[in-house]
Amino acid sequence: MSTKQQPGTPQTSSELDAQRNAVVELIKVAPVAEELGERFAAAGHRLYLVGGSVRDALLGRLGTDLDFTTDAHPERVRELLTGWAETIWDTGIQFGTLGAFRHGTTVEITTFRADSYDRVGRNPEVAFGDSISGDLVRRDFTVNAMAIELPARTFVDLHGGMTDLVERRLDTPAAPEDSFADDPLRMLRAARFVAQLGFTPSDRVVEAMTAMSAEIARITPERVQVELSKLLCGEFPRRGVELLVDSGLAEHVLPEVPAMKLEIDEHHQHKDVYSHSLTVLDQAIDLERAADPDAEPDLVLRLAALLHDIGKPATRRFEPGGGVSFHHHEVVGAKMTRKRLRALRYPKDVINQVSDLVFLHLRFHGYSDGQWTDSAVRRYVNDAGPLLTRLHKLVRADCTTRNKRKANALQRAYDDLEERIDRIAAEEDLAKVRPDLDGNEIMQLLGVDPGPVVGRAWKHLKELRLDRGPMSREEAIAELHRWAREQGIENAGQ
């Protein structure tokens, strides 16, 4: 295997080992990568595995989605794929990309690019290049600007990507100011890669992000949302959030988070809300992974953990005697969460779930003395609904006190609440708390047609069910008639 490297940058044994590992990973997908490389070479074209595929191969985690670049133009690529691929699609052909599927592997092949940008939007004026060097220099980060030519397996690293990968550093092939001016989304991608890979951005990348943070306004909310979601679902989301805040990007895409950096009052009566929220995020993820190490990251829980206290700045009050209060910050925070997630174009179900968790996250604190009635426990479960498991994690994660005695007391109280929920659930099937009479029975017993009366009666019976637990049919009928008489509903009880 031959290599090409940035001039003046010696290779360490670790780098050589990483290159060898990359070839080992390639061998695992040899039938596809080798066949494709030989097919292009036989036709007189050059083909390179490139970008994230090379990076992931070097990290030992090459998947079954492979990215290639070539000197062949799109229609020629289509000809070379025809008869080889099981499926071909050309939805990206306007950007020089064709996709194909063969033997369980998805490949995307893009013609060398030499794009130019107007630096007003982010869509490039697509232009095809004529060399791998021209293609690599336009890529976002050095760790994504390495290539392996096939079938010869020649390693191409013109911008020190291997060194940055070994040193876990995030840098740009070109000057970061030029890279980010071309496509401001790359600034968010920097934070996302920090969260996913645990890399440290170079000083010049952070400086450029800070100076150019306002340029992110050129990016659509939908694209911002995708990057934020990937960031939060990374292995190190706290690092990504901190980079967003420290660089000023968060002021433009998630301003409620840096707003939690409240000045500490002179009596130190409240925590640093921003730092507390990052700790809650960490602890929620720990609980998420402990519950199921193999599960996909829980975006809803992570968003709720990060945003659960965003209502505090707007509700902070300094009380007589030096105290500080944040009354109803969960109500205000839920509204703020809903507004921000809508602006970022999150799906409606994600918006509802995250907002509900923010609204509910303080409910438990009324239980800390253990005096809740069974009725209150039922209401807690009913209000949480399908979010109960996530609410358990969020509430436990929200305990960040350094007072071990207080922390242990809170955990014991929540252990007790979960035990009571389990006990009552076993007795009453809490997951299906419904009135003891259904809508048809209500209409028949009251002699009314479908309409608002039925809904009001149903709601009344459900409230009784939550307060008292299950009732006998006779008790439910008696309560229905009593309510109907109080409401002055005709035919009630007849």
Side-chain angles (χ1 to χ4, degrees), residues 51-52 55-56 59 122 139-145 161 164-165 167-261 274-275 277-282 284-285 297-299 301-307 310 340-341 343-346 350 354:
R55 180 198 70 221
D56 289 344
L59 292 171
R122 71 174 292 267
R139 293 181 178 266
D140 53 4
F141 301 106
T142 59
V143 294
N144 296 332
D164 287 342
L165 194 70
E167 296 180 0
R168 307 186 73 77
R169 179 174 57 238
L170 199 66
D171 205 348
T172 53
E177 293 82 3
D178 291 333
S179 181
F180 299 157
D182 283 346
D183 185 359
L185 186 67
R186 290 171 175 171
M187 295 186 288
L188 279 181
R189 285 168 62 83
R192 189 246 288 185
F193 283 126
V194 165
Q196 287 181 326
L197 303 174
F199 285 14
T200 299
S202 69
D203 290 343
R204 70 174 192 158
V205 164
V206 175
E207 289 169 4
M209 289 173 67
T210 304
M212 303 176 66
S213 60
E215 290 293 305
I216 202 65
R218 289 161 49 191
I219 304 302
T220 65
E222 290 83 358
R223 289 187 176 274
V224 171
Q225 178 240 103
V226 169
E227 292 299 325
L228 284 176
S229 296
K230 289 180 178 179
L231 183 158
L232 286 172
C233 290
E235 189 173 354
F236 312 98
R238 178 174 185 150
R239 298 187 193 180
V241 173
E242 288 174 332
L243 179 55
L244 289 180
V245 172
D246 293 345
S247 66
L249 273 172
E251 294 283 357
H252 303 281
V253 300
L254 204 59
E256 296 81 2
V257 172
M260 290 190 288
K261 282 188 165 185
Y274 169 69
S275 296
S277 297
L278 292 180
T279 300
V280 173
L281 174 62
D282 285 340
I285 292 170
D298 189 341
L299 176 63
L301 176 63
R302 296 181 183 200
L303 279 168
L306 179 63
L307 303 178
I310 62 171
R340 175 53 52 196
L341 297 186
L344 289 169
R345 308 292 195 270
Y346 271 96
V350 172
V354 176

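Both backbone and side-chain heavy atoms feed into the values below; hydrogens, waters and symmetry mates do not.
Atom-to-atom distance recorded for Arg204:CZ and Met209:CE is 13.5 Å, nearest 0.5 angstrom. Rounding to the nearest 0.5 Å places CG of Asp183 at 7.5 Å from CZ of Arg218. Within the model, atoms CD1 of Ile285 and SG of Cys233 stand 8.5 Å from one another, a figure rounded to the nearest 0.5 Å.
Ala175 is linked by a side-chain contact (heavy atoms from CB on, under 4.5 Å) to Glu177, Asp178, counting only residues two or more places apart in sequence or in another chain. For Glu207, there are no salt bridge (Lys or Arg N to Asp or Glu O under 4.0 Å) partners two or more places apart in sequence or in a different chain. With sequence neighbours excluded, the residues satisfying side chain to side chain donor-acceptor pair (under 3.5 Å) with Ser229 are Tyr346. Scored by the side chain to side chain donor-acceptor pair (under 3.5 Å) test, Ser277 finds no partners at all (sequence neighbours excluded). Taking Pro221 as the reference, Arg345 meet the side-chain contact (heavy atoms from CB on, under 4.5 Å) condition, with sequence neighbours excluded. For Arg55, there are no salt bridge (Lys or Arg N to Asp or Glu O under 4.0 Å) partners at least two apart in sequence or on another chain. The side-chain contact (heavy atoms from CB on, under 4.5 Å) test applied to Glu235 returns Arg289, not counting sequence neighbours. With sequence neighbours left out, the salt bridge (Lys or Arg N to Asp or Glu O under 4.0 Å) criterion links Arg302 to Glu288. Judged as a side-chain contact (heavy atoms from CB on, under 4.5 Å), and not counting sequence neighbours, the contacts of Ala305 are Val280, Leu281, Ala284, Leu394.
Closest approach of Asp140 to Arg189, counting heavy atoms only: OD2-NH2, 2.6 Å. Contact record, Leu232 with Pro237: O-CB, 3.7 Å, taken as the closest heavy-atom pair. Minimum heavy-atom separation, Leu185 to Glu227: CD1-CG, 3.8 Å. For the residue pair Val143 and Gly161, the shortest heavy atom distance occurs at CG1-O, 3.9 Å.
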Can you list, pair by pair, the side-chain donor-acceptor contacts under 3.5 Å of residues 244-255, counting residues two or more places apart and other chains?
from, atom 1, to, atom 2, distance (Å)
Ser247, OG, Leu243, O, 2.8
Ser247, OG, Leu244, O, 3.2
Ser247, OG, Leu249, N, 3.4

Residues 193-202 side chain polar contacts: donor-acceptor under 3.5 Å, at least two apart:
from, atom 1, to, atom 2, distance (Å)
Gln196, OE1, Arg192, NH1, 3.2
Ser202, OG, Asp171, OD1, 3.3
Ser202, OG, Val205, N, 3.2

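Residues Val257 and Leu307 have side chains in contact (heavy-atom distance under 4.5 Å, counting atoms from C-beta outward). Using a 4.5 Å cut-off on side-chain heavy atoms (C-beta onward), Leu299 and Val354 make no contact. Considering only heavy atoms from C-beta on, Leu306 comes within 4.5 Å of Leu278 through its side chain.
Arg186 contributes no side-chain N or O that, together with a main-chain N or O of Pro176, makes up a donor-acceptor pair within less than 3.5 Å.
For the ring pair (Phe, Tyr, Trp, His ring centres under 6.0 Å) condition, no pair includes a residue of residues 168-188, sequence neighbours left out.
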Candidate pair Arg238 and Asp282, rule salt bridge (Lys or Arg N to Asp or Glu O under 4.0 Å), full reasoning: CA-CA 7 Å; Arg238 178 174 185 150; Asp282 285 340; 2.9 Å; yes
